[in-house]
Enquirer: 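Have a look at the structure that comes next, please.
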Amino acid sequence: MTITAGAPPTHSTPAPLARGFLTGGVAGTSLAALVVGGIIEKVPLFVAGLVVPTVYGLLLFLSGAPRRRREAAVVPRTALAMIESLKAIGGESSDVPVRFDLTVAPDDEPAYRVEITQDINLVDLPDYRPRGILVVQYPPDRPWRVRIVKRPTPEWEERVAGARLDSVPGPATVSEPPEGCAFGFVGLLGLLLGAAVVIGLFRADLFDGDATARQPSSSKPSVSSTSSSSSTSSTTVVSSASGTVALGPGQSMLDKGELRRAVDSLTEDKGEGGGKGKGEGGGKRSALTVVVQERLLSVVFSPTGTQAPQFDPRSLPYERFPALVEEARTTLGIRSPRTWQITAERLTGSLTIRVGVTGAEGTASLEADGQGKVVRRTPVG
């Protein structure tokens with residue numbers, strides 16, 4: 001019996017775009033929930049990222065049960081097939097997976113090519129050779145799901161013995177319809193939308209958490225500002241107890257006019273409306289200590305009603321500070337000074353300005369009065 005090859009059987013399966021979109025949405029939602037829940041430490045959101053895909057998988061399995069029952073109830077179609085080629089693809093047990101390239105020739109439809117993989121016992125493997133005739137079965141609506149019948153009925157065994165099939169060209173191979181680009185596109189779209197929904201719902205917790213944590217406590221009121229230009233930058237922080245001004249790289253408190261501007265920014269009183277105070281006490285904040293370093297000014301203000309010695313920080317002879325630092329660096333035995341510091345205070349009753357210098361040899365200092373005139377030197381050693 002000779003069977004002539006014809007066109008492959010036609011079949012069409014609608015692309016399950018809705019399922020692809022929903023699957024992508026569940027994947028994106030669960031992944032985003034796990035990440036966002038971990039970042040903002042929301043346990044319910046993190047748990048939802050684990051539960052949602054599990055529940056979706058269970059629902060998908062249950063919804064497919066009727067279809068699987070219908071497919072199992074379909075009577076398979078039996079046909080002759082010819083082995084075009086075969087190849088064992090591994091396995092260490094008695095059953096070896098073998099990839100077959102077959103020409104299937106149904107009685108009432110055109111013959112077609114199909115590739116399948118089926119486990120064959122090592123004992124039976126020599127019975128399968130190229131150009132050999134087999135009996136196969138497949139669902140009528142899914143001709144690519146071909147299975148080799150290892151023990152055919154006597155009637156089919158007789159047909160195998162007298163059959164001769166013609167090969168079908170390779171391009172006529174039948175396979176499960178690909179889900180295509182549309183399926184991949186809607187899946188990706190669902191994934192992105194699912195992730196975007198989670199991030200959008202929790203964007204406040206996600207992006208504002210760090211900023212809230214960095215806000216100053218209401219029990220420690222302070223005012224801070226940062227100013228910058230192409231050549232200068234500084235940061236000012238003022239509270240009821242102290243104030244600091246920090247300069248940017250390449251600047252120094254000894255630059256002309258820098259100290260005076262920094263002190264003014266710390267000692268200006270602010271009214272309730274945010275403007276400068278006028279009248280009694282306006283702009284006259286007293287200090288207990290003023291400390292000046294290379295790029296840092298610190299002022300400790302005197303509390304209201306204190307009896308400790310205090311002074312007006314604006315009264316210091318800031319124009320003399322560069323000369324005092326230079327004298328301390330060059331006349332006190334420090335050959336390679338690394339750091340310097342100016343401290344102004346009235347602990348002894350009179351205003352004292354102390355300039356300390358540190359180097360490899362140790363620490364040296366000099367003292368000056370309220371006018372910036374040196375009154376004592378303490379060399380290194």
Side-chain angles (χ1 to χ4, degrees), residues 12-72 142 175-230 233-246 248-249 270-275:
S12 61
T13 303
L17 299 182
R19 178 173 57 86
F21 179 80
L22 187 58
T23 301
V26 169
T29 301
S30 60
L31 289 175
L34 290 173
V35 175
V36 175
I39 293 176
I40 65 177
E41 299 181 353
K42 279 190 176 292
V43 176
L45 181 61
F46 187 86
V47 173
L50 299 174
V51 173
V52 168
T54 303
V55 173
Y56 175 73
L58 179 61
L59 293 176
L60 202 63
F61 175 80
L62 295 177
S63 64
R67 176 182 55 82
R68 291 191 295 272
R69 285 196 297 269
R70 289 194 303 270
E71 292 177 353
R142 299 184 302 282
S175 61
E176 186 172 3
E179 292 175 325
C181 297
F183 182 86
F185 175 78
V186 297
L188 178 60
L189 181 62
L191 187 145
L192 295 177
L193 289 178
V197 168
V198 174
I199 294 175
L201 290 175
F202 295 93
R203 64 184 182 278
D205 294 333
L206 187 61
F207 297 112
D208 295 342
D210 291 341
T212 302
R214 290 194 295 267
Q215 290 179 353
S217 173
S218 59
S219 62
K220 299 180 180 179
S222 65
V223 178
S224 64
S225 63
T226 300
S227 61
S228 62
S229 65
S230 59
S233 64
S234 64
T235 301
T236 303
V237 179
V238 186
S239 71
S240 60
S242 64
T244 61
V245 176
K270 305 291 183 181
E272 290 183 3

Enquirer: Taking all atoms of both residues into account, what is the closest heavy-atom pair of A27 and L191, and its distance?
Expert: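 Shortest heavy-atom separation between A27 and L191 comes out as CB-CD1, 4.3 Å.
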Enquirer: Hey, mind stepping through T235 and V245 against side chain to side chain contact (heavy atoms under 4.5 Å, CB included) and telling me if it holds?
Expert: CA-CA 6 Å; T235 301; V245 176; over 6 Å; no
Enquirer: So, for A32 and V198, which heavy atoms are closest and what is the spacing to 0.1 Å?
Expert: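 Taking every non-hydrogen atom into account, CB-CB, 3.8 Å.
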Enquirer: Between S63 and L60, which heavy-atom pair has the shortest distance, and what is it?
Expert: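 So the minimum-distance heavy-atom pair works out to OG-O, 2.9 Å.
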Enquirer: Quickly, which of V52, L58, V51 forms a side chain to side chain contact (heavy atoms under 4.5 Å, CB included) with V55? Name it, please.
Expert: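 The side chain to side chain contact (heavy atoms under 4.5 Å, CB included) with V55 is passed solely by V51 among V52, L58, V51.
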Enquirer: Identify the heavy atoms of K42 and F202 that sit nearest to each other, and give their distance.
Expert: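 Scanning both residues completely, I find the closest heavy atoms to be CD-CE2, 3.9 Å.
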Enquirer: Evaluate side chain to side chain contact (heavy atoms under 4.5 Å, CB included) for V197 paired with L201, printing each intermediate quantity in order.
Expert: CA-CA 6 Å; V197 168; L201 290 175; 4.0 Å; yes
Enquirer: Among I39, T29, L50, exactly one meets side chain to side chain contact (heavy atoms under 4.5 Å, CB included) together with L34. Which residue is that?
Expert: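 When side chain to side chain contact (heavy atoms under 4.5 Å, CB included) is applied between L34 and each of I39, T29, L50, only L50 qualifies.
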Enquirer: So do V47 and V43 actually touch side chain to side chain, heavy atoms under 4.5 Å?
Expert: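 In short, these two side chains touch, coming nearer than 4.5 Å.
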Enquirer: Go through the side-chain N and O atoms of S30 and Y56 and say whether any donor and acceptor fall under 3.5 Å apart.
Expert: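 No donor-acceptor contact under 3.5 Å links the two side chains.
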Enquirer: For a 4.5 angstrom cut-off between non-hydrogen side-chain atoms, does F46 reach V36?
Expert: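 No. Closest side-chain heavy atoms not under 4.5 Å.
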